[in-house]
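Atoms within each ligand, like the ligands themselves, are counted from 1 in listed order. Quick caveat: nothing in here was measured; it's all calculated off a predicted structure.
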Amino acid sequence: MSADTRKLRELDRRHHLHPFTDFKDYSERGGRIVSRAQHIYIYDSDGNRMLDGMSGLWCCNLGYSQQGIVDAITRQLRELPYYNNFFQCSNQPAVELAGQLVDVAPAGFSRVFFTNSGSEANDTNLRLVHRYYDCLGKPHKKHIISRRNAYHGSTIAAASLGGMKAMHEQTRGLDYVHHIAQPHWFEAGTDEDPDTFGMRVARELEQKIDELGEDNVAAFIAEPVQGAGGVIVPPDSYWPEVQRICSERDILFIADEVICGFGRTGRWFGSQTYGLNPDLITFAKAVTNGYMPLGGVLVSDGVADVLTTHAGEFAHGLTYSGHPASCAAGLATLGILREGNIIEKAAADVAPHFQSRLREFTQHRIVGEVRGLGMFAAVELVRDKHSRERLAPDAAAAVYCRNTCNEIGLMVRQTGDAMIMAPPLVCDTNEIDSLIDMLSEALDKTAAHYGVI
Ligand SMILES: *Cc1c(COP(=O)(O)O)cnc(C)c1O
């Protein structure tokens with residue numbers, strides 16, 4: 001380790017509190033200083049290279065070398081580094097990005113509210129749906145239904161919406177948010193076939209609406225594919241049934257597309273992949289390719305018509321809503337995605353290769369399930385494929401496997417007992433093969449470590 005690295009690590013350990021991190025452990029051990037990145041590779045301060053199998057945090061879908069985005073940000077900073085969108089003001093990048101987002105969104109979306117993050121966008125969703133029903137003279141409609149093990153961000157509202165057990169244990173959540181089951185067939189360990197299971201958990205939405213009273217429920221929120229929860233691809237029966245319920249009942253449907261949006265599932269939005277008709281779409285992460293913070297809510301015509309024909313101020317906003325440099329980054333990102341047909345090309349070429357190579361691991365002795373679509377996937381680790389007995393308690397085996405991947409040069413993530421991957425859309429098939437080779441080596445080492453031969 002170089003002297004510079006040692007110094008940085010020391011400062012980091014002493015002064016920097018990291019997100020979703022065990023403070024005690026980190027203060028003692030420190031972490032990796034990432035100092036540069038190129039294409040799909042990150043380099044630490046000692047020059048070690050890793051293939052980034054997570055696109056940063058599900059956001060650098062175009063990798064790290066998009067000079068066009070960097071140029072757009074710097075040009076904008078020279079021209080107008082900041083102005084707010086309050087008080088009857090607007091700015092060119094925000095206006096143009098709103099227009100372009102409406103262009104690429106599913107049909108029937110006409111408005112955009114900008115935030116700096118996905119969490120703030122979901123907070124905004126709560127404000128918007130409450131305002132919507134207030135405008136309609138239905139002020140009792142305040143309750144929100146979400147799902148266990150969902151991830152919707154980490155502000156108080158977003159953590160309440162999410163269904164992460166550890167977050168709820170550390171947060172006093174909002175009392176008007178309720179959770180139903182997630183469509184995670186493998187985890188449920190049920191005897192039902194996936195479609196019977198999917199139908200049953202979809203109908204929990206209907207039951208919850210009846211239990212709370214339809215007159216009290218404002219919205220259902222869900223990720224088309226749960227990302228942080230473990231790339232949970234629902235059974236085929238699930239979404240059509242949920243969509244039926246949302247259409248029959250007077251509630252709004254919020255699709256949290258913070259991970260699914262901008263190509264991850266093979267289409268621009270996961271809602272298109274699954275034929276969903278949401279009323280609101282949350283976006284963030286890949287909208288700027290991760291180069292600048294930006295999130296927001298896409299608002300459908302039906303909701304927008306009510307909101308924009310009612311007088312009275314919407315009392316919500318952020319200092320940096322529609323920040324010109326972030327919006328310039330968004331415009332450049334959409335430009336690259338559209339002009340290069342990146343989403344269509346990845347869906348036709350590298351994504352099928354990624355998914356089929358990963359399916360080879362279904363034969364591996366410690367793999368219980370491989371699931372995924374488009375450019376993200378999960379591999380569940382087990383000791384026994386049939387009983388689904390895990391290799392070790394507390395997800396220790398997946399942590400071991402992740403650490404092994406990291407040591408051999410592959411950045412992936414672990415959620416529970418699943419290994420999670422979401423490589424950039426700009427990978428080629430050779431790069432996917434090298435990701436597969438490293439994962440394969442780590443799986444073998446994990447099997448050996450836990451005595452499975
Ligand atoms: C990351 C994420 C969020 C939160 O976004 P931040 O920008 O981290 O606040 C919300 N929803 C989903 C589905 C996410 O993956």
Establish, from distance only, whether the side-chain atoms of [X] and [Y] form a donor-acceptor pair under 3.5 Å.
X    : Y    : answer
Y132 : D279 : no
S247 : Q243 : yes
N149 : Q182 : yes

| message | Does any part of the side chain of V287, heavy atoms only, come nearer than 4.5 Å to the side chain of L101, both counted from C-beta? | response | yes
| query | Can you name the residues that form a salt bridge (charged side-chain N to carboxylate O under 4.0 Å, His left out) with D71, not counting sequence neighbours? | reply |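 With neighbours one apart ignored, the set is empty.
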| query | Counting only heavy atoms not in Y320, do more than 12 sit closer than 6.0 Å to its OH atom? | reply |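 Result for OH/Y320: open.
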Check ligand 1 for close polar pairs with the protein: N or O on both sides, less than 3.5 Å.
unit_1	atom_1	unit_2	atom_2	d
ligand 1	5 (O)	G118	N	3.3
ligand 1	7 (O)	G118	N	2.9
ligand 1	9 (O)	G118	N	3.4
ligand 1	9 (O)	S119	N	2.8
ligand 1	9 (O)	S119	OG	2.5
ligand 1	11 (N)	Y151	O	3.4
ligand 1	11 (N)	D256	OD1	3.3
ligand 1	11 (N)	D256	OD2	2.7
ligand 1	15 (O)	K285	NZ	2.7

